[in-house]
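Encoded as C-alpha cells, the structure appears first; notes follow it.
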Amino acid sequence: QVQLVESGGGLVQPGDSLRLSCTASGFTFTSYYLSWVRQAPGKGLEWVSSIYTDGTRTYYADSVKGRFTISRDLAKNTLDLQMNSLKSEDTAVYYCADGGGPYEGSYYPHRDEFGSWGQGTQVTVSS
C-alpha cells in the first residue's frame, strides 16, 4: 500500500522552528520533483517548496524563502522541511506530495497536479 506520512507539526510561538518529515512506504518517490504544499484555514492550496529528485536543486515560494529549507534523504526515502523564524501566517496543514516543479514566486496548485499525498500535519504559529 502506497503511503506518505508526515510528522513534526505542532503549536509553536512566532520566531520558533519546526522540522517536518515525510516518510514514504510502499513505494519510492518517482517524480522528478517532490514538494511541500500547505493549506491555511479557509484557503486553497499553496505551494511551499520543491526539490529535484537527486536533491541538487531546490525551489521556494517567496513567502518562505530564506526561512525554510527542503531536503531529502535518498537512503531513507524521506523528505524534510526545516522551518525557521515561523510567522503566524505560516499556520496551515502541511502536506508532502509526489510531484511538483521548479516553481517561482507564488503558486497555488490544484491537487491533481501531484501524485501521492500524505494526510498532512498541522502547524500552528501563535503567541
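Sequence positions, counted from 1, serve as the residue numbers for this chain.
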Heavy-atom closest contact ([X] atom, [Y] atom, distance):
X: G9; Y: L20; answer: N-CD2, 3.6 Å
X: Y60; Y: T69; answer: OH-CA, 3.3 Å
X: Q119; Y: V5; answer: OE1-CA, 3.6 Å
X: L79; Y: C96; answer: CD2-CB, 4.0 Å
X: S127; Y: P14; answer: N-CD, 3.7 Å

Answer with yes or no whether the hydrophobic clustering places [X] together with [Y]; edges join I, L, V, M, F, W, Y residues whose side-chain heavy atoms lie under 4.5 Å apart.
X: V37; Y: V64; answer: no
X: L81; Y: L34; answer: yes
X: V93; Y: I70; answer: no

Check: Y94 main-chain N/O paired with T121 side-chain donor or acceptor under 3.5 Å: no
Backbone N or O of G101 within a donor-acceptor pair of the S50 side chain at under 3.5 Å? yes
Identify, with sequence neighbours excluded, every residue that meets side-chain contact (heavy atoms from CB on, under 4.5 Å) alongside [X].
X: L11; result: T124, S126
X: Q39; result: L45, Y95
X: S7; result: S21

Output all residues satisfying salt bridge (Lys or Arg N to Asp or Glu O under 4.0 Å) with D62, sequence neighbours left out; order by chain, then residue number. K65
For R19, which residues count as a salt bridge (Lys or Arg N to Asp or Glu O under 4.0 Å) partner, sequence neighbours excluded?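 D80.
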Which residues share a ring pair (Phe, Tyr, Trp, His ring centres under 6.0 Å) with [X], sequence neighbours left out:
X: W47; value: Y103
X: F114; value: W117
X: Y52; value: Y33

Could you tell me which residues satisfy side chain to side chain donor-acceptor pair (under 3.5 Å) with Y59, sequence neighbours excluded, listed by chain and number?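 By the side chain to side chain donor-acceptor pair (under 3.5 Å) rule, Y59 matches no residue at all.
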Run the side chain to side chain donor-acceptor pair (under 3.5 Å) test against T56 and tell me which residues pass, sequence neighbours left out.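 If we apply the side chain to side chain donor-acceptor pair (under 3.5 Å) test to T56, skipping adjacent residues, the hits are D54.
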Rounded distance [0.5 Å steps], OG1 in T53 versus CG in D98: 9.0 Å
Rounded to the nearest 0.5 Å, what's the gap from CG on L4 to SG on C22? Could you check? 4.5 Å
Sequence neighbours excluded - salt bridge (Lys or Arg N to Asp or Glu O under 4.0 Å) pairs with any residue from residues 105-120: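 Sorted pair list comes back empty.
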Would you call T23 and E6 a side-chain contact if the rule is heavy atoms closer than 4.5 Å?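 Side-chain contact under 4.5 Å: no.
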Show me the donor-acceptor pairs, under 3.5 Å and distance only, between side chains in residues 83-92 and residues at least two apart or in other chains.
residue	atom	partner	partner atom	Å
N84	OD1	S17	OG	2.9
N84	OD1	Q82	NE2	2.9
D90	OD1	R38	NH1	3.0
D90	OD1	R67	NH2	3.0
D90	OD2	R67	NH1	2.7
D90	OD2	R67	NH2	3.4
D90	OD2	K87	N	2.8
T91	OG1	S88	O	3.0
T91	OG1	V125	N	2.9
T91	OG1	V125	O	3.4

